[in-house]
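Here is the naming used below: chain letters follow the sequence lines, and residue numbers restart at 1 for every chain.
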2 protein chains.
Amino acid sequence: MDKPRVTIHDVAEAAGVAVSSVSRVLSNHPSASPNMKSRVEAAVKQLGYQPDLVAQSLRTGNTRTIGLLMKDLSNPFYGEMLTFLANSMMSAGYNLLMMTSSGDAEGDSKIIEMLNQRRMDGFFLATVTDQSPLLRKTISSCRNPVVLLDRDFTNLDVARVFADHATGVNSATKDLIALGHKNIALMDGSAQIRPARERSNGFLRAINEAKIKNGVGSPINGILSPSSARAKTRELMNLPKSKRPTAIITGSTYVTIGVLEALSDLGLSPGNDLSLVACDDLPWLRVLRPRISTVSRDYQNFGTTAADLMLSLLGGEKPKTITLPTRYEARDTSQPV
Amino acid sequence: MDKPRVTIHDVAEAAGVAVSSVSRVLSNHPSASPNMKSRVEAAVKQLGYQPDLVAQSLRTGNTRTIGLLMKDLSNPFYGEMLTFLANSMMSAGYNLLMMTSSGDAEGDSKIIEMLNQRRMDGFFLATVTDQSPLLRKTISSCRNPVVLLDRDFTNLDVARVFADHATGVNSATKDLIALGHKNIALMDGSAQIRPARERSNGFLRAINEAKIKNGVGSPINGILSPSSARAKTRELMNLPKSKRPTAIITGSTYVTIGVLEALSDLGLSPGNDLSLVACDDLPWLRVLRPRISTVSRDYQNFGTTAADLMLSLLGGEKPKTITLPTRYEARDTSQPV
DNA sequence: TTGAAAGCGATACCAT
DNA sequence: ATGGTATCGCTTTCAA
């Protein structure tokens, strides 16, 4: 039942050679006679020896493991993206130690420190905020390569993968304006992280360029669940007609779900009673009727790009920032006022 | 830039004490004078010392890390569930090393071996199949506690968390039969894993008890993507009327999406032209109209139950199997023939 | 080509 | 209560 662990010493003994020789054979060192090789390999096979990766890490100083921190594995976009990230890293021989964010900067900071203590070879970070000086400092203390996933700590010598949310939302907003909308609501999550800020930027740029005064006012941030999106939407739709939005742009999937629920509550139909653009084009959106207009990003591309970037850093290259496109696609719910 | 790592030796030297004393203070050993304590703590603080967890693992033999293997992080149910699993384990002081399945038994077997070499303190496994002797053998060689996530390797001394798919699907099927359906199709994923098999069982039990001969025949397995579900559905709906299903039960989210796409292609509306029951009640289903009948399981419950079970095993308790309920909820798409 | 031994950074036993 | 030292399992330098 409790078989003893077989170590490199056992192999050496069984083969009648020194441990250093065993190590050489196992790591394909050039100087190893065919005879030595076969003896060691026979012993390895016979004993079913498997190297202890913890000991190996302590000695060599690298773990071949990348730490990953993100807020929320249940976020559909990140879930999809992660599959590709993980697969790319795995086929390059790296593993992922995944941590879910605690929800605040102090907690995330602690997690990153822990990953450091575990000697991670690299870090993928999607922290809960990118505006915290504490987190900024903790990240700067990471001894190994860092790739930020759509987070924008400034003046940090790390790599970044961005999605160009601003351009996509800007196109969407411009299209809605061209369709005659003057009361457009952007409902989004936390402005503590880059994506929501970028969407705001793209949105406001279009509003300002068109020189309309947007009846709804500024982007609405801090909506973190379907239920709060639902409540907020009902509130908006009950405004006096002059301030009531004729179009809504939803920044995240959770918001989209809540908005759709609210519209259903109110007996309003998107595309008909108001226009709607959703950010993130997930599979289930394809089965909704009417077809909802979207601003989409490619999660496969995001995942593999982040992995490639990490691998280049591990290979000694310099950190850089890569921005991936987003695309506005008008469907049934982009309609004239 | 490349600051040297500060070790326990550095702390000992700075404090003018022995390394063993530093270790004692850090692990709250009873015999440590207040004076010693304060000297060490001062040195730790001054140097910013943080223990090396790799070295610690090698010495103590435990990593406080649980290995996790699953097919597909993008599977929405597992994504949601994982959040709760991860949070529970983290608050108990454990981390998760997450691996995505390679797609075949050999690959999964290799991954589990690797996790073993990394000295994981435990294993959460949702392998790509639970019918492989190779995998069975590899799992039995795990030295630390194993919790199977809805996988059913028999005669293995490990813990299991099951969802009672059979009962939920059985209720759904019975309801459809009561509504007059005699041609019911169950479309599902791989029968290599327990969930699809259980759904088949629950389905067939209802069919046989009702003594109807189901026009569609046996459950349809092996549907792994929306596109193949879409193709299969079109094929079914083009059958001669006597064999054409009047109701469909979809075993997974991917299948549900594909079926809905196909129905849209064919100009058929669920609830009206045929009945439909979907397994797994995800948030976005709530915004579809008509409301789709579902067989649901509680992902939060699944995640925390799995975590609690693992923690009990780590605490020395015996492995057991826990089965969690599923629930059939009739909505707008369970209609009379 | 091969073996002996030092060392990675901790913990814990054994003296004192 | 404290210090010295063996040990965890491996890699790598240094001699032979």
Side-chain angles (χ1 to χ4, degrees), chain A residues 2-41 43-44 47-65 114 116-121 143-144, chain B residues 3-41 43-44 47-65 113-114 116-121 143-144:
Chain A
D2 228 13
K3 324 152 202 171
R5 219 165 237 288
V6 25
T7 75
I8 198 172
H9 285 95
D10 302 323
V11 176
E13 192 170 11
V17 301
V19 288
S20 44
S21 298
V22 178
S23 179
R24 268 183 225 112
V25 171
L26 262 43
S27 58
N28 281 316
H29 192 89
S31 61
S33 68
N35 173 37
M36 172 66 83
K37 238 178 153 172
S38 60
R39 290 180 64 177
V40 169
E41 275 159 2
V44 164
L47 297 177
Y49 168 72
Q50 296 190 312
D52 182 322
L53 265 21
V54 173
Q56 214 164 325
S57 289
L58 176 60
R59 178 61 229 231
T60 63
N62 66 316
T63 53
R64 297 203 70 83
T65 303
M114 187 276 288
N116 237 320
Q117 290 180 255
R118 296 207 154 212
R119 293 193 178 230
M120 295 294 107
D121 287 356
R143 334 177 53 82
N144 283 324
Chain B
K3 323 151 201 167
R5 217 164 240 286
V6 23
T7 76
I8 199 171
H9 286 95
D10 302 324
V11 176
E13 191 171 14
V17 302
V19 289
S20 43
S21 299
V22 178
S23 179
R24 269 184 226 110
V25 171
L26 262 42
S27 57
N28 282 316
H29 192 89
S31 61
S33 68
N35 172 38
M36 171 66 83
K37 239 180 154 171
S38 61
R39 288 180 67 177
V40 169
E41 275 159 3
V44 164
L47 297 177
Y49 168 72
Q50 296 190 311
D52 184 320
L53 265 21
V54 174
Q56 214 165 324
S57 289
L58 176 60
R59 179 61 230 230
T60 63
N62 67 318
T63 53
R64 297 203 71 83
T65 304
E113 279 179 352
M114 187 276 290
N116 237 321
Q117 291 179 255
R118 296 208 154 210
R119 293 193 179 228
M120 295 294 105
D121 287 355
R143 333 176 56 81
N144 283 325

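Side-chain atoms of A:Arg119 and B:Asp52, non-hydrogen and from C-beta on, do get closer than 4.5 Å to each other. A:Val44 places a side-chain heavy atom less than 4.5 Å from the side chain of A:Leu26. Looking at heavy atoms from C-beta onward, A:Arg39 lies out of side-chain contact with A:Val25 at the 4.5 angstrom threshold. A:Arg143 is listed as a side-chain neighbour of B:Arg5, based on a closest heavy-atom distance under 4.5 Å.
In this structure, B:Asn62 atom CG and D:dC8 atom P are separated by 16 Å, rounded to whole Å. Taking atom CG of residue A:Asp52 and atom C1' of nucleotide D:dT7, one finds them 14 Å apart after rounding to whole Å. For the pair B:His29 NE2 and D:dT2 C1', the computed distance is 11 Å after rounding to whole Å. The distance from atom CG of A:Leu26 to atom C1' of D:dT11 is 11 Å, rounded to the nearest whole Å. Residue A:Ile8 contributes atom CD1, which lies 8 Å from atom C1' of D:dT11 at whole-angstrom precision. Between the CZ atom of B:Arg143 and the C1' atom of D:dG9 there is a distance of 14 Å, rounded to whole Å. As rounded to whole Å, 4 Å separates atom C1' of D:dT11 from atom CZ of A:Arg59. B:Met36 has its CE atom 9 Å from the C1' atom of D:dG3, to the nearest Å.
In the model, B:Thr60 has a side-chain atom that pairs as donor or acceptor with a side-chain atom of B:Asn62 under 3.5 Å. Defined by atom type and a distance below 3.5 Å, a donor-acceptor pair is present between the side-chain atoms of A:Arg118 and B:Thr65.
The base of D:dG4 lies close enough to the side chain of B:Ser20 for a donor and an acceptor atom to sit less than 3.5 Å apart.
Among the nucleotides D:dT5, D:dG9, D:dT2, the one closest to any side-chain atom of A:Arg5 is D:dG9.
Within the 4.0 angstrom heavy-atom criterion, base atoms lie near A:Ser23. Across all strands shown, A:Ser33 has heavy atoms under 4.0 Å from sugar-phosphate atoms exclusively, and none from any base. At a threshold of 4.0 angstrom between heavy atoms, the contacts of B:Thr7 are confined to the sugar-phosphate backbone, with no base atom among them.
The number of heavy-atom neighbours closer than 6.0 Å to CD of B:Glu13, taken from other residues, nucleotides and ligands shown, is 12 or below. Within a 6.0 Å radius of NE2 in A:His29, more than 12 heavy atoms belonging to other residues, nucleotides or ligands are found.
Comparing A:Pro30 and A:Val19, the nucleotide of DNA chain C nearest to each residue sits closer to the 5' end for A:Pro30. Remark on DNA chain D: of its neighbouring residues B:Val17 and B:Arg119, the 5'-side contact belongs to B:Val17, judged by nearest-heavy-atom nucleotide. Both B:Asn35 and A:His9 lie close to DNA chain D; mapped to their nearest nucleotides by heavy-atom distance, the more 5′-ward contact belongs to B:Asn35.
Nearest approach of B:Ser57 to B:Thr63, heavy atoms of both residues: OG-CA, 3.5 Å. Of all heavy-atom pairs between A:Asp121 and A:Asn144, the closest is O-CB, 3.2 Å.
For the helix from C:dT1-D:dA16 to C:dT16-D:dA1, the axis fitted to the five pairs at one end and the axis fitted to the five pairs at the other end meet at an angle of 50° (nearest 10 degrees).
In the 5' to 3' direction, nucleotides of DNA chain C lying under 4.0 Å from heavy atoms of chain B begin and end at C:dG9 to C:dC13.
The phosphate of D:dG9 has neither OP1 nor OP2 within less than 4.0 Å of any side-chain N or O from A:Gln56.
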